[in-house]
Amino acid sequence: MLYAILKLIYRIGLRVFFSELEVRNRHLLPAQGPLLIVSNHPNTFMDPVVIAAQLQQPAYFIAKSTVFGSRLQNWLLGKMHLIPIHRREDTPDQPVSNEEAFAASFRALEQQKALIIFPEGNSFNQRRLRKIKTGTARIALSAEASTGLSLQILPVGLNYSAPTRFRSSVFVNVGKPIAVSEYVKAYSTDNHAAVLALTEEIRYRLEKLIINTPTDEEDALARQVEEIYGEKLGEIAPVGATPHEKDFLLTKGLVKSIIYFSQTQPDRVEELRQQITGYLQQLHHLHLQDALLGKGKRTVLQQSISLSLYLLLGLPVYFYGLLHNYLPYLIPSRIAHAATKEEEWYAPIMLTAGIFTFPLAYALECWLAAEITGATLPAMLLYVVSLPLSGFFVLHYWHTLRQTQEHFTLLHLFARRQPLVNNLRQQRQEIMAALELARQEYLQELQQHSSSI
């Protein structure tokens with residue numbers, strides 16, 4: 001009962017926290033188990049919440065034993081379907097036994113439930129897959145061998161646009177299932193080799209479902225290229241793909257091209273990296289975005305006027321929304337930063353805190369409004385609806401205000417420092433030309449490679 005209530009609450013919370021939550025290949029999510037779901041782990045507690053919210057059946061979660069503690073805490077986590085797993089690195093001086101965890105996992109699978117495991121073991125706020133531990137494969141093969149279940153492993157890739165930011169987006173990429181039965185025969189003869197083979201297959205499937213950058217440097221370069229060249233790449237996106245699917249496929253291709261040139265022409269990559277970094281640092285110093293610099297003076301002026309009118313007309317609504325939403329919005333952020341210094345925990349803590357602060361704040365505001373004004377029921381219903389809507393308007397208004405500031409900054413540069421604008425645009429054109437040349441060369445290399453196979 002507690003699990004069902006929490007699942008409903010978090011489903012609503014996810015729709016508020018993320019501006020967009022897209023699931024690719026939703027049809028591959030079965031309505032019942034036995035099912036073992038494996039996923040990358042970039043965003044701590046947010047990851048199991050996002051996955052479980054997409055499932056029809058109840059889900060159980062393998063969690064490290066260190067999250068368990070007091071008797072009340074253990075009872076509550078048990079009701080939330082968490083199964084503790086003991087890891088050698090958590091207690092290096094003590095023997096590790098996970099017989100209870102394996103038994104609990106088997107029971108969940110026998111009851112046609114879904115079992116969610118994050119085989120990396122720890123959460124890392126990075127766009128890459130860490131080393132996959134063998135525990136997932138051992139649980140799957142042991143379960144199939146001992147219970148006779150026809151078990152499938154479903155790989156799921158989680159791709160966040162900005163894992164710690166409110167109103168960011170998440171792209172849930174569901175892959176084709178792995179039939180554990182294909183490894184059972186090998187497991188009966190050489191269980192170690194079968195576990196390694198299944199672990200390797202899990203790693204291979206997950207890498208296909210996420211943006212996987214080998215190093216922080218290559219990830220930073222990929223993000224910079226996306227910022228400058230993303231609109232141009234969008235013109236060659238696959239027809240029929242959703243916006244997030246297009247972004248995912250284009251970024252995957254971009255990362256592969258960076259890896260290719262890093263291996264074949266490292267000096268060229270380093271020169272381009274320095275060129276892009278220098279250009280973007282200048283824009284950051286001037287408080288400008290690359291997309292704005294590509295627009296003409298007339299366009300910037302027209303947009304500045306339109307944005308200014310919007311800000312002027314929307315100012316009363318902005319103050320109304322700010323008055324009613326500032327504290328319930330601010331408190332979760334303050335709680336998250338006070339509770340932890342680890343970025344990976346900010347989003348789930350803010351989500352959980354916001355689930356309580358917003359309803360409580362809205363309830364208090366409605367009570368005060370009713371006491372002060374004595375409003376009728378229809379008027380109060382309109383007031384209730386206005387609270388979250390005005391909150392979303394505040395976020396949009398603030399974003400528009402920052403855009404307007406950038407527009408006026410560029411207009412000022414047009415008027416006072418035209419040579420600087422010309423220099424920045426020249427740098428941008430050179431970078432765009434270098435990226436386009438690299439793209440053509442990479443596509444030609446891919447065509448030659450495919451024709452030689």
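- Side chains of E144 and Y183 form no contact here, defined as non-hydrogen atoms less than 4.5 Å apart.
- No donor-acceptor pair under 3.5 Å is formed between the side chain of Q56 and the backbone N or O of A31.
- Using a 4.5 Å cut-off on side-chain heavy atoms (C-beta onward), I431 and Y229 make no contact.
- For the pair F45 and I349, the minimum side-chain heavy-atom distance is 4.5 Å or more.
- No donor-acceptor distance shorter than 3.5 angstrom exists from the side chain of Q152 to the backbone of P177, with no hydrogens or angles considered.
- A donor-acceptor contact shorter than 3.5 Å links the side chain of K7 to the backbone of L55.
- A donor atom on one side chain and an acceptor atom on the other are found under 3.5 Å apart for E436 and Q440.
- Q54 contributes a side-chain N or O that, together with a main-chain N or O of V50, makes up a donor-acceptor pair within less than 3.5 Å.
- Between the NE2 atom in H324 and the CG atom in L322 there is a gap of 11.0 Å [rounded to 0.5 Å].
- Taking each heavy atom of P163 and N43 in turn, the nearest pair found is O-ND2, 3.1 Å.
- Under the 4.5 Å side-chain criterion, counting only non-hydrogen atoms from C-beta, P48 is in contact with F118.
- Comment: E406 does not engage R402 in a salt bridge, judged by the lack of any side-chain N to carboxylate O separation of less than 4.0 angstrom.
- Below 30°, between 30° and 60°, or above 60°: for Y442 and Y260 the angle between ring planes is between 30° and 60°, a tilted geometry.
- Under the 3.5 Å distance criterion, the side-chain polar atoms of N212 are left unmatched by any main-chain donor or acceptor of E207.
- For H337 and Y346, the gap between ring centers is short of 6.0 Å.
- Using modelled atom types, one side-chain atom of E120 and one backbone atom of R130 make a donor-acceptor pair closer than 3.5 Å.
- Scanning both residues, S390 and N325, for their nearest heavy atoms gives OG-ND2, 3.4 Å.
- Atom CD1 of I178 is separated from atom CD1 of I202 by 5.5 Å, given to the nearest 0.5 angstrom.
- Of all heavy-atom pairs spanning P266 and T264, the tightest one is CD-C, 3.6 Å.
- A 6.0 Å sphere centred on CZ of R334 holds no more than 12 heavy atoms belonging to other residues, nucleotides or ligands.
- Between T404 and L307 the shortest heavy-atom distance is OG1-CB, 3.3 Å.
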Item to complete: Start with the C-alpha gap between E271 and Q275, add the side-chain angles, then the distance that decides, and say whether side-chain hydrogen bond (donor to acceptor under 3.5 Å, both in side chains) holds.
Response: CA-CA 6 Å; E271 182 181 353; Q275 190 177 4; over 6 Å; no
Fill in: Residues T134, L196; criterion side chain to side chain contact (heavy atoms under 4.5 Å, CB included); working and verdict
CA-CA 7 Å; T134 58; L196 291 180; 4.2 Å; yes
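- Using bins of under 30°, 30° to 60° and over 60° for the plane-to-plane angle, the ring pair F166/F17 lands in the perpendicular bin.
- Between the side chain of N25 and the backbone N or O of V174, at least one donor-acceptor pair lies under 3.5 Å.
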Item to complete: Could you give me the CA-CA distance, side-chain angles and deciding distance for L198 and I153, then say whether side chain to side chain contact (heavy atoms under 4.5 Å, CB included) is met?
Response: CA-CA 10 Å; L198 182 53; I153 299 176; 4.0 Å; yes
Worksheet item: Stepwise, does the side-chain hydrogen bond (donor to acceptor under 3.5 Å, both in side chains) test hold for Q274 with E270?
Response: CA-CA 6 Å; Q274 293 180 7; E270 183 57 31; 3.2 Å; yes
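- For the pair L221 and Q224, the minimum side-chain heavy-atom distance is below 4.5 Å.
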Discussion item. Apply side chain to side chain contact (heavy atoms under 4.5 Å, CB included) to residues S304 and F408 and explain how you reach the verdict.
Written reply: CA-CA 7 Å; S304 299; F408 278 108; 4.3 Å; yes
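- When every heavy atom of V38 is checked against every heavy atom of L206, the shortest pair comes out as O-CD2, 3.7 Å.
- Atoms CD1 and CE, on I335 and M350 in that order, are 11.0 Å from each other to the nearest 0.5 Å.
- Rounding to the nearest 0.5 angstrom, the gap separating the CD1 atom in I228 from the OH atom in Y279 is 6.0 Å.
- At a threshold of 4.5 Å between non-hydrogen side-chain atoms, the residues L14 and L351 count as touching.
- Counting non-hydrogen atoms of neighbouring residues, nucleotides and ligands closer than 6.0 angstrom, the CZ atom of F356 reaches no more than 12 such neighbours.
- Counting non-hydrogen atoms of neighbouring residues, nucleotides and ligands closer than 6.0 angstrom, the NZ atom of K295 exceeds 12 such neighbours.
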Discussion item. Using the rule given for side chain to side chain contact (heavy atoms under 4.5 Å, CB included), can you reason through L115 versus I139, listing the C-alpha separation, both sets of side-chain angles and the distance that settles it, and then say yes or no?
Written reply: CA-CA 10 Å; L115 181 66; I139 289 176; 4.3 Å; yes
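- Summarising the geometry of Y187 relative to S142, their closest heavy-atom pair is OH-OG, 3.3 Å, with the distance given to 0.1 Å.
- Listed by chain and number, the residues in a salt bridge (charged side-chain N to carboxylate O under 4.0 Å, His left out) with R428 are D290 (sequence neighbours excluded).
- The side chain to side chain donor-acceptor pair (under 3.5 Å) pairs that include a residue from residues 160-177 are R24-N173, D47-Y160, S161-S169, where partners are two or more places apart or lie in different chains.
- Between L35 and L29, the closest side-chain pair of non-hydrogen atoms is not below 4.5 Å.
- The closest donor-acceptor contact from the side chain of K252 to the backbone of I210 lies under 3.5 Å.
- Remark: Y318 OH to L401 CG distance equals 7.0 Å, nearest 0.5 Å.
- Checking side-chain atoms of T340 against main-chain N and O of A336 turns up no donor-acceptor pair under 3.5 Å.
- The distance from atom CZ of F18 to atom CE of M46, rounded to the nearest 0.5 Å, is 4.5 Å.
- Within the 4.5 Å cutoff, side-chain heavy atoms of E22 are placed close to those of E245.
- In this structure, R223 does not pair ionically with E226, as no charged nitrogen and carboxylate oxygen lie closer than 4.0 Å.
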Worksheet entry | Step-by-step side-chain hydrogen bond (donor to acceptor under 3.5 Å, both in side chains) determination, N423 to Q427 | CA-CA 6 Å; N423 179 264; Q427 291 183 55; 2.7 Å; yes
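- Remark: the T352 side chain and the Y10 side chain contain an N/O donor-acceptor pair separated by less than 3.5 Å.
- Classification of E218 and R128 as a salt-bridged pair fails, no side-chain N sitting under 4.0 Å from a carboxylate O.
- At most 12 heavy atoms of other shown residues, nucleotides or ligands fall within 6.0 angstrom of atom CD in E231.
- Of the possible donor and acceptor atoms, one in the side chain of T189 sits under 3.5 Å from a partner among the backbone N and O of A186.
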